[in-house]
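Everything below concerns the one structure shown next.
Note on naming: letters A, B, ... go to the chains in the order of the sequence lines (proteins, then strands), and numbering restarts at 1 for each one.
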2 protein chains.
Amino acid sequence: MITNMKHVKSELEQKGIKPTYQRLCILEYLHEHLVHPTVEMIYDELIERIPTMSKTTVYNTLKLLSEKGVINEITITGTEVRYDINCQSHHHFLCKKCGKIYDVDVTCPFANMDHKEISGHEIQEIHGYFKGICKECLIKQNNE
Amino acid sequence: MITNMKHVKSELEQKGIKPTYQRLCILEYLHEHLVHPTVEMIYDELIERIPTMSKTTVYNTLKLLSEKGVINEITITGTEVRYDINCQSHHHFLCKKCGKIYDVDVTCPFANMDHKEISGHEIQEIHGYFKGICKECLIKQNNE
DNA sequence: TATTAAATCTGTAATGATTACAAATATGAA
DNA sequence: TTCATATTTGTAATCATTACAGATTTAATA
Ligand SMILES: [Mn+2]
Ligand SMILES: [Mn+2]
Ligand SMILES: [Zn+2]
Ligand SMILES: [Zn+2]
């Protein structure tokens, strides 16, 4: 995993996004934290290093990156948006207990569908996720 | 589709929920509006018939029905929860343009998975949905 | 029937995530 | 430098949801 500033910079340039310092830091954060973080998590760490960072900038940047296809928004918790640097269609597991979101490695059956429509609706994205109790939380339960 | 008050009443009783008038009306609404409505939509119609209806009661009742397994919460828009009277695991289509959520009839490949775990995580729910432009919105686009 | 405790409903306030917006700052060309 | 544009920042507003306390209803008991 290459996550130095140079790589992140060229990644933004390739997508036609001006690589400002704030944007570089936010994108770098996403590369280094693959747990599908919230805006809050991103902001809380960056404000330590960049005391002038505004939460609005985090929101603005994530929206921009999302629109340009650099990151994906995950909306499965119902309370807040989670962000994913992995833009390839893949499935997730949401733990009902701790709220963690894991990537799961299942081959999506619809991924290579020949037709990009269903019941007349034009399909642009395919999402799949599981909900339950994660490995860690199961272990905790058993140790009680 | 049977959606008279008697049916709705016995449905609540079977689940051990006291069938109050407000609960009956909310559940009846869900039976008659299969478009995965929001709290707002439910409240806006019921307040016409029952001027004393409180939005808090709508929230409370939907939470109760959800906990008792009478309805399902759908959290795919990222902005508000949508409610589904159909509790059997099925897939959805969310239109990016008009926001409508449709049921789609695809056989879920994970539905009859023999193992109820994945990567050590205990699976309790399986969710799948597509995003794109719905049939209606496609037609509108073409007529411009 | 009257009493009373528990359950339910209601209205308002609080919360938390997100967006709107305008002023401040940085950037980059002329 | 000058000036227009893009970006960032801080604050206020919005919107969905939850917390909470008082009012009302229900149902059991005397
Ligand atoms: Mn992921
Ligand atoms: Mn449905
Ligand atoms: Zn967990
Ligand atoms: Zn549509």
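Across the interface with DNA chain D, nearest-nucleotide mapping of B/Thr56 and B/Lys18 shows B/Thr56 to be the residue nearer the 5′ end. If B/Arg23 and B/Gly78 are placed on DNA chain C by their nearest nucleotide, the residue sitting closer to the 5' end is B/Arg23.
Spacing between atom CG of B/Leu62 and atom P of D/dT17 amounts to 10 Å, rounded to whole angstrom units. Between the CD1 atom of A/Ile50 and the P atom of D/dG10 there is a distance of 13 Å, given to the nearest Å. Taking atom CE of B/Met53 as the reference point, atom P of D/dT24 lies 17 Å away to the nearest angstrom. A straight line from OH of B/Tyr59 to P of D/dC15 spans 13 Å, rounded to a whole angstrom. Atom CD of B/Glu80 and atom C1' of D/dT17 are 12 Å apart (whole Å). Distance, A/Ile47 CD1 to D/dT8 P: 14 Å, rounded to whole Å. The distance between atom CG of B/Asn60 and atom C1' of D/dA16, rounded to the nearest whole Å, is 14 Å. What separates CD of B/Glu13 from P of D/dT26 is a distance of 15 Å, to the nearest Å.
Taking 4.0 Å as the cutoff to heavy atoms of chain B, we find the contact window on DNA chain C bounded by C/dA7 to C/dT12.
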Quick one, B/Ile26 with B/Val58, criterion side-chain contact (heavy atoms from CB on, under 4.5 Å). Give me CA distance, side-chain angles, the key distance, then yes/no. CA-CA 7 Å; B/Ile26 291 167; B/Val58 179; 4.3 Å; yes

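In this structure, A/Thr20 reaches the sugar-phosphate backbone alone: every heavy-atom distance under 4.0 Å involves primed, P, OP1 or OP2 atoms, never a base. Among the heavy atoms of the strands, none lies under 4.0 Å from B/Thr38.
Distances shown here put every side-chain N or O of B/Gln22 at or beyond 4.0 Å from the OP1 or OP2 atom of D/dT25.
Of the charged side-chain nitrogens involved, none lies within less than 4.0 Å of a carboxylate oxygen, so that A/Glu117 and B/Lys135 do not count as a salt-bridged pair. Ion pair A/Lys100/A/Glu136 flagged as a salt bridge, since at least one NZ, NE, NH1 or NH2 atom sits closer than 4.0 Å to an Asp/Glu carboxylate oxygen.
Looking at every heavy atom in both residues, A/Gly99 comes nearest to A/Arg82 through O-NH1, 3.1 Å.
Of the listed nucleotides (D/dT9, D/dA19, D/dT17), D/dT9 has the atom at the smallest distance from the side chain of A/Thr57.
Here the two rings, on A/His7 and A/His31, have centers that are under 6.0 Å apart.
Although no hydrogens or angles enter the test, the distance criterion places a donor-acceptor pair under 3.5 Å between the side chain of A/Ser89 and the main chain of A/Ile126.
Every residue two or more places apart in sequence or in another chain that forms a salt bridge (Lys or Arg N to Asp or Glu O under 4.0 Å) with A/Lys9 is listed here: A/Glu13.
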